[in-house]
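My questions will all concern the structure given below.
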Amino acid sequence: MLPESIEKNMSSETLITGKKAENAIKESLFLFTLYICVTIAILTLMTLIYDVLSTGTTRLTSDYEVGLITKIQIDNPIDFLTTLDSRYPDRAGIGPAFAGTVWLMIIVITVTFPFGTGAAIYLQEFAPKNKITRFIELNLTNLAGVPSVIYGLLGLAVFVRLAGFGRSVLSGGLTLTLLILPVVIVASREALKAVPDTIRQGALALGATKFQAVFRQVVPSAIPGMVTGMVLGLSRAIGETAPLIFMGALTYVNYFPDTPLSGFTAIPIQVYNWIGYPQAEWKETASAGIILLLGLLLIMNSLAIFIRNRYEKDL
Amino acid sequence: MSLQEKIENLETDLHLMGRLVLDALVDGVRALEDKDVNRAIATIEKDDEIDAAYLKIDQDWVELMATEQLVATDLRLSTSILQASLHLERLGDLAVYLGNTTQEIFDSPVPETVHATVVEMGDLVIDMASSAMESLKNRDKDLALATAEKDNQVNRLYNSMLEEAPKIAGNEDLFNGLFRLVTCIRTLERGGDHAVDICELTHFLVTGKFEEF
Amino acid sequence: MSLQEKIENLETDLHLMGRLVLDALVDGVRALEDKDVNRAIATIEKDDEIDAAYLKIDQDWVELMATEQLVATDLRLSTSILQASLHLERLGDLAVYLGNTTQEIFDSPVPETVHATVVEMGDLVIDMASSAMESLKNRDKDLALATAEKDNQVNRLYNSMLEEAPKIAGNEDLFNGLFRLVTCIRTLERGGDHAVDICELTHFLVTGKFEEF
Amino acid sequence: MDNVNNLRDQLTKTITRPIEKIVKFFITASAFAAILISISIIFTLLTEAINFFQDPAVTFKGYFTATRWTPTFQNPEYGVIVLISSTLYIAVIACLISFPLGLFSAIYLSEFATKRTRKVIKPVLEVLAGVPTVVFGYFALNWITPNIIQRFIPGTGVFNALSAGIAVGIMIIPTVASISDDALNAVPNSLRNGSLALGATRRITSLKIMFPAALSGIIASFILGFSRAIGETMIVTIAGGQYPELNLDPRSAMYTITSSIVNVSLGDTPHGTTAYNALFALGITLFIMTFILNIGSDYVARKYRKEYE
Amino acid sequence: METKETVQVNSESVFNVTDLSVSYGDFVAIKNVNMDITKNKITAFIGPSGCGKSTLIRSFNRMNDLILGAKVNGTITYQGVDLYDKMVDPVQVRRRIGMVFQKPNPFPKTIKENITFGLKVNNMTDNMDERVEKALTQAALWDEVKDDLNKNALELSGGQQQRLCIARTIAVEPDTILMDEPCSALDPVATKKIEDLMQELVKDFSILIVTHNMQQASRSSDYCAFFTTKTSDDGKRRTGELVEFNETSIMFTTPDQELTEQYISGRFG
Amino acid sequence: METKETVQVNSESVFNVTDLSVSYGDFVAIKNVNMDITKNKITAFIGPSGCGKSTLIRSFNRMNDLILGAKVNGTITYQGVDLYDKMVDPVQVRRRIGMVFQKPNPFPKTIKENITFGLKVNNMTDNMDERVEKALTQAALWDEVKDDLNKNALELSGGQQQRLCIARTIAVEPDTILMDEPCSALDPVATKKIEDLMQELVKDFSILIVTHNMQQASRSSDYCAFFTTKTSDDGKRRTGELVEFNETSIMFTTPDQELTEQYISGRFG
Ligand SMILES: Nc1ncnc2c1ncn2[C@@H]1O[C@H](COP(=O)(O)OP(=O)(O)OP(=O)(O)O)[C@@H](O)[C@H]1O
Ligand SMILES: Nc1ncnc2c1ncn2[C@@H]1O[C@H](COP(=O)(O)OP(=O)(O)OP(=O)(O)O)[C@@H](O)[C@H]1O
Ligand SMILES: [Mg+2]
Ligand SMILES: [Mg+2]
Ligand SMILES: O=P([O-])([O-])[O-]
């Protein structure tokens, strides 16, 4: 079809057949491997959730008898949230732990938000680029990776003993604050970093002071990112167990905390507790606790993703 | 100033120069016709103005080309302006020549026919130059062509005059005037050519093609 | 092709055209001197070549300006080339005129002095044109000035000739030749002016200033 | 000259507002709090750890050579090497699971997945990263052990290193995948296009161009994953058991640093006892290990980021 | 769509584009393009931003395959072969039709490896050193880097990086080089070098270049295609169209279309 | 360093630059600059990449203060006042000397807020609406956005964004506008609009513009300064220097310096 003279025999044959077959096998094999990996990664999560759900829902929905009265199914989940723990797996509620978690969150938010964003703003916007700043940064990266037990030890030494808060919800909250502060600072800094430098220069060139430039332009632009970081930090705090063990959260607490200095327990601790009991029925109860925990997490993560998607495209 | 304005200014300057040159031509031809020395001197004096206009156009043109990248119509227009200015300058020289001639011959007798022909050719050249500038202004290539065709008439007059001249030459008194007028005729013949060249520019401006009429 | 090459080509073309025109001028003047009709015809025929060269330069020039942004020396050079080509074209016409005249007068007697003067002026113009092109080529503004000054000689010859002519005119047989030669003289006078204009271009090219010599 | 002076007056009129100073002071203080935290961590861990080593029953030599960790026994032994080896052992199992899975998932996500697939999988992985570790512990104990380990390796105990290691591995997949994916994504798209435009296939492009270009980021993710595995507490506490002696059998229970810390503190050891102080000795050991890894990961990650700036 | 047989193979032309449209999902980015690209010449694509120049040039080596939702209709034949034939392997296409991008994108490897990578994937592993030298020489970079072949390519200047990208493209001996605004990230000096280089390369290759720099198009291309965005009658769709395709010198002195003139003279609108 | 008194204040000039050098740490980016910038004219800075144009223009409104290690020596007086006098507050300076950047950088807020921000920090809170309208009108943007003032500025096209940035700069009524390659991110149509705008604005403001586009400098500036990088004798230091400062028309027809000619004619060596 083509004149022979065309060099490099640019014929349909070379273009069409070429090395495609040989390549195709290698390519497909490679892609297949990748599929497997992703599937395993996702599948384990699915298995985990399925396992928890299938066990936990029995506890949450199945009819069971208290005395002679059969409870209405729909009430169970709510009851589970509000009732006290019990020796009997089918009667154990998560009320105090749930309340403890709420207490913890409130403390964590009130302390983390100002300090976290403040530190981030200082480091990203005002700090001179010198060794001290670099040192603080390195410190933060490291703190973000310090295992949570260590924070537990710190909380134990500083809040429980030194400050004398005892094994209270306040000590717990502050310990969790320390734990997520580095995470929140790093995330907030990322949010600030994502604000293009041109915005700062633009504001300054208009005659804004540094302060005006930062607080009127940069920070508002970064708020969605900072809030996302905060939410993700909180969701980490919700699930933390180890450090709270040092706060005495594991001791049998069967009342709702009423002051910051009350003793407390929290959902993950409660779950850990229940897991520890040998009777099989506790599994169901633990699962129910886990479902609640996962539910909370899912809500927070969705919130974070929502905020991110909502504002991401704007910058 | 925007490119548009700069080119417009340049074109305006060209047409102002054209006006000057036409005025000079009219003065030159009329001075010659009436042997009016004062008018002749006025004609000659106008040339400085024309030269100044010419230099200004050249200068502005170079500046325009240095500071703007011209393409297509803009480029053809500015090129035409530059070349037309050269032709106008030449036509201005022609008027000066007529003025000089007037000064040489105003007090000598001249052969009537030749004198009349020179004036006729002069009027033709004025007409052509004027139409040529008009065609350039209006991007009117038909007018340009029509104007260019008038040059045949100029050439015809020129040739017939050259053939006639020796025959009329009889009277020795007329000799000075005659020779002077003959050079004017030759000059006017070239004037017609300049007008034709301007017409060619119109054609180039409109069509983008260089063509000899 | 790079900008450099394009401009160089354009300049080469101009000098080739210059060569053609100078050849034509030499032919024209010699033909007139020797009343050599064949050479005269050859001169006239050369004009097509000259016109073609002229058109090519114009075209290439427009293309160059359209596709490159020229500044400073490049711009002045290309402008000078465009304008010089116009003058050369005119000088070509001059050669043609000499050729035509030769054809008209080869079999008639001509007044010796006038004939000699025309040839003298012709040689002067050839010399000037050649030097003018030389000065342009070598960016030699001193040569340009020197060349331009030669025009005074041309003008002197021209004026003295015009004054002489009526006195020589005695013999009626000579009349035809005489008139024809007088127009040649006028034409050559203009030729000198064209050479001067080319010299002005040299000056402009070197200094960037427009000045009338 | 008046005008000039006037202008000079205007130009030299600096605006200062007290609120700006206050806010600035506060945020500066916040930033320095980070240093405070570090210092207090090191300080508390060190002081108590020093107390620990001052107990005559404890020797440095014993701490690093003894093969049992039994601080609450009558004759306590403090062989930290038991704990360290268990910790590393479980961490290595976790890495064996998480590195390939995490990396390949990242390659899939960044190089092969369509936008839509990516949009689904990425959040799923992120949620996976947020699942509390108790949940993984529960999962390891109640699902992995009975359904996988005990089925395929009969005779494994309820508490065993393998299931703990697997669970930790699964837990850190998202970390590895997510950071590696970020690293791959940080490689400019133009490199990918450049390679494809040269006629390279997608496989070659991802393995020969994208992977090396993102290598330091990927290594950083590995180091960080390893550090996480070492510091992980609840999973190993719940599923790994407490076998206080040196052993390398994956089927048996092990005793990691973290779970021993938890266990000692659960025992409600009174303040000031050597067992209590041992907590902090372990704490500082763990802190040093993770500190080195974290800083290393940060260093490597920084290096690759610089390349494209 | 035409079958291959009916497309006339002009020995002088390297690409024949027939009724080409490219859409992203529902959005038609460019439509009804018909043009023949001449061999061993530089063809420039110019036009206002968003008129589909990049979209079009990417369809010449099937880089559009990589863009989600991009769909090519109509035919592009390359020396007579329909590039979008089902049997044609895009990887093979890209080996023959090289591409240089807007921003220099050297691999973060050594200078040498940047070039050998392409050679390896094209199985041109014989005489590697010679090939590297030849490509770098052709790309007018050899003298500057010959003592430093193991230097990281990212340490080169922008202009050098771009020349390296050209070198690695020509090393695999394509027939055609596509360039999408290859100089827009470069300073004038570097730009000049790339333009000179193109003049060298066009002796051996056919070059297609997208540029939004009128000067560049006018001074360095042989042919020039002008595209613009036309708005549909209801004002809702904006689609790129080929307005004029002509020799560059004609395009810039006497364009056929009023629109072209307005654009090249900066009076667009 | 000269004292303020000795600097001669030319009623026509807005800036007098005397023996200016700017260094980054040890590296002297540009040195020995002496020039008077004329009021109500457009002055363009041209020169090869890295010769210090941005560095220089930033020192006219003390934006260099923001760059770590940048140090300005010599004097720049602004209408007779030494800008680098210890007593001078850079914030005040920037209120009088506005700046427009290479890439359009609107705040991610509404169009209106983009302009009112500057007004607020400058305490120009009276007649805000009128001021917004006036600035947008002057920036030739009002007609395009007047019905959409609450639209997010990021939804504007590149050219519109740049005009918005100009609008917010002129809204605070500076005397002088500095522009660092304001069109390099724009397509030719948008560029044209900005250039037209500059011609409008120069009636009220003095404009300094950095551009690497010769055409732009030649067609839209009144004065032009050409800088280049000179290498020290030992070949180690490369420092920017002012080569020629002249009227634009002279610069592009008969530059004084050979180097200028080489650069503007693209023959840089
Ligand atoms: N991946 C994509 N998905 C959807 N639309 C796209 C995509 N890429 C480009 N477009 C759209 O197609 C049209 C043409 O884009 P293209 O990038 O080809 O323009 P261009 O002529 O190269 O412009 P520029 O000069 O700005 O590079 C534009 O309207 C653009 O928004
Ligand atoms: N913040 C900085 N720190 C150190 N050196 C710098 C800094 N900014 C610029 N330089 C150096 O100073 C010199 C001048 O830079 P500048 O940005 O002023 O150049 P320019 O003329 O604007 O170049 P371009 O045309 O590429 O924008 C360059 O060598 C550059 O590397
Ligand atoms: Mg594009
Ligand atoms: Mg710059
Ligand atoms: O004026 P001309 O010499 O060209 O007739």
Side-chain angles (χ1 to χ4, degrees), chain A residues 23 26-27 30-31 33-35 37-38 40-42 44-45 47-48 51 115 118-119 121-123 126-127 136 138-143 145-150 153-154 157-158 161 178 182 185 209 211 235-236 239 241-242 245-246 250 268 271-272 275 283 286 290 293-294 297-298 301 305, chain D residues 15 20 24 26-28 30-31 33-35 37-38 40-41 44-45 48 100-101 104-105 107-108 112 121 123-124 126-128 130-135 138-139 141-143 170 173 177 201-203 224 227 231 233-234 238 258 261-262 265-266 271 279-280 283 286-287 290-291 294-295 298:
Chain A
N23 279 339
K26 281 192 193 166
E27 294 294 302
F30 183 65
L31 191 56
T33 318
L34 295 186
Y35 275 136
C37 291
V38 174
I40 291 180
I42 301 292
T44 43
L45 178 72
T47 317
L48 183 151
D51 180 46
F115 281 99
I121 291 171
Y122 175 78
L123 287 174
F126 292 97
I136 295 181
L138 206 62
N139 231 309
L140 281 170
T141 347
N142 181 49
L143 283 180
V146 168
S148 52
V149 261
I150 308 264
L153 290 176
L154 177 66
V158 175
R161 301 227 187 283
L178 292 190
I185 295 176
T209 61
F211 196 85
S235 65
R236 169 143 188 227
T241 317
I245 290 174
F246 300 88
L250 201 59
V271 169
Y272 171 61
I275 292 173
K283 269 193 201 168
I290 289 178
L293 197 53
L294 287 180
L297 276 172
L298 214 57
N301 272 297
I305 291 170
Chain D
I15 331 134
E20 298 193 1
K24 241 167 140 174
F26 171 74
I27 61 177
T28 315
S30 309
I35 297 189
I37 297 175
S38 292
S40 43
I41 287 180
T44 45
L45 293 182
E48 307 284 356
L101 287 177
F104 281 124
S105 303
I107 293 183
Y108 174 76
F112 291 86
I121 294 185
V124 168
E126 270 168 13
V127 171
L128 194 56
V131 172
T133 50
V134 248
V135 180
Y138 170 88
F139 182 61
L141 186 66
N142 291 324
W143 198 86
I170 293 172
I173 287 175
T201 61
R202 277 177 175 279
R203 178 180 54 92
L224 201 66
S227 158
T233 312
M234 292 321 289
I238 292 172
T258 48
I261 293 179
V262 168
S265 80
L266 277 179
H271 175 57
L279 280 183
F280 292 86
L286 184 61
F287 181 79
T290 54
F291 176 82
N294 291 339
I295 298 295
D298 179 61

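Keep in mind it's a predicted model, so treat the numbers as computed, not measured.
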**OP:** Could you grab the distance from atom CD1 of D:I35 to atom CG of A:N139, nearest 0.5 Å is fine?
**Re:** 6.0 Å
Original post:
Any idea which of D:T133, D:T258, D:I41 has the most non-hydrogen atom pairs under 4.5 angstrom with chain A?
Top reply: D:I41
Original post:
Non-hydrogen atoms of chain A under 4.5 Å away: do they reach the side chain of D:S227, the backbone, both or neither?
Top reply: side chain
Original post:
So which of A:L140, A:V158, A:N301, A:T44 has the biggest tally of heavy-atom pairs under 4.5 Å with chain D?
Top reply: A:T44
Subject >> Part of D:L101 lying under 4.5 Å from any heavy atom of chain A >> reply: both
Original post:
Just wondering, do D:I121 and D:Y108 contact through their side chains at under 4.5 Å, heavy atoms?
Top reply: yes
Original post:
Taking every heavy-atom pair that is under 4.5 Å apart, which of A:L178, A:V271, A:L138, A:I185 has the most such pairs with chain D?
Top reply: A:L138
**OP:** Can you tell which part of A:L153 gets under 4.5 Å to a heavy atom of chain D, answering side chain, backbone, both or neither?
**Re:** both
Original post:
Given D:T233, which of D:L286, D:V262, D:I261 fulfils the side chain to side chain contact (heavy atoms under 4.5 Å, CB included) condition?
Top reply: D:V262
**OP:** Give, as side chain, backbone, both or neither, the part of A:P182 having an atom under 4.5 angstrom from any heavy atom of chain D.
**Re:** neither
**OP:** Please report the shortest heavy-atom distance between D:T44 and D:F280, naming the atom on each side.
**Re:** O-CD2, 4.0 Å
**OP:** State whether the side chain of D:D298 and the backbone N or O of A:T141 hold a donor-acceptor pair below 3.5 Å, judged by distance alone.
**Re:** no
**OP:** Name all residues meeting the side chain to side chain contact (heavy atoms under 4.5 Å, CB included) criterion together with D:F26; count only those two or more places apart in sequence or in a different chain, and write none if there are none.
**Re:** A:P114, A:F115, D:S30
Original post:
Considering only heavy atoms, which portion of D:F291 lies under 4.5 Å from any heavy atom of chain A: side chain, backbone, both, or neither?
Top reply: both
**OP:** Sort D:L45 into side chain, backbone, both or neither according to what part of it lies under 4.5 angstrom from a heavy atom of chain A.
**Re:** side chain
Subject >> Top contributor to chain A contacts, counting heavy-atom pairs under 4.5 Å, from D:A33, D:P100, D:S105 >> reply: D:S105
Subject >> Heavy-atom contact with chain D under 4.5 Å, split by part of A:L143 >> reply: side chain
**OP:** Of all the heavy-atom pairs spanning A:G239 and D:V134, show the shortest one and how long it is.
**Re:** O-CG2, 4.4 Å
**OP:** Pick one of side chain, backbone, both or neither for A:L48, based on which atoms fall under 4.5 Å of a heavy atom in chain D.
**Re:** both
Subject >> Residues which pass side chain to side chain donor-acceptor pair (under 3.5 Å) with A:S148, listed by chain and number, not counting sequence neighbours >> reply: A:E240
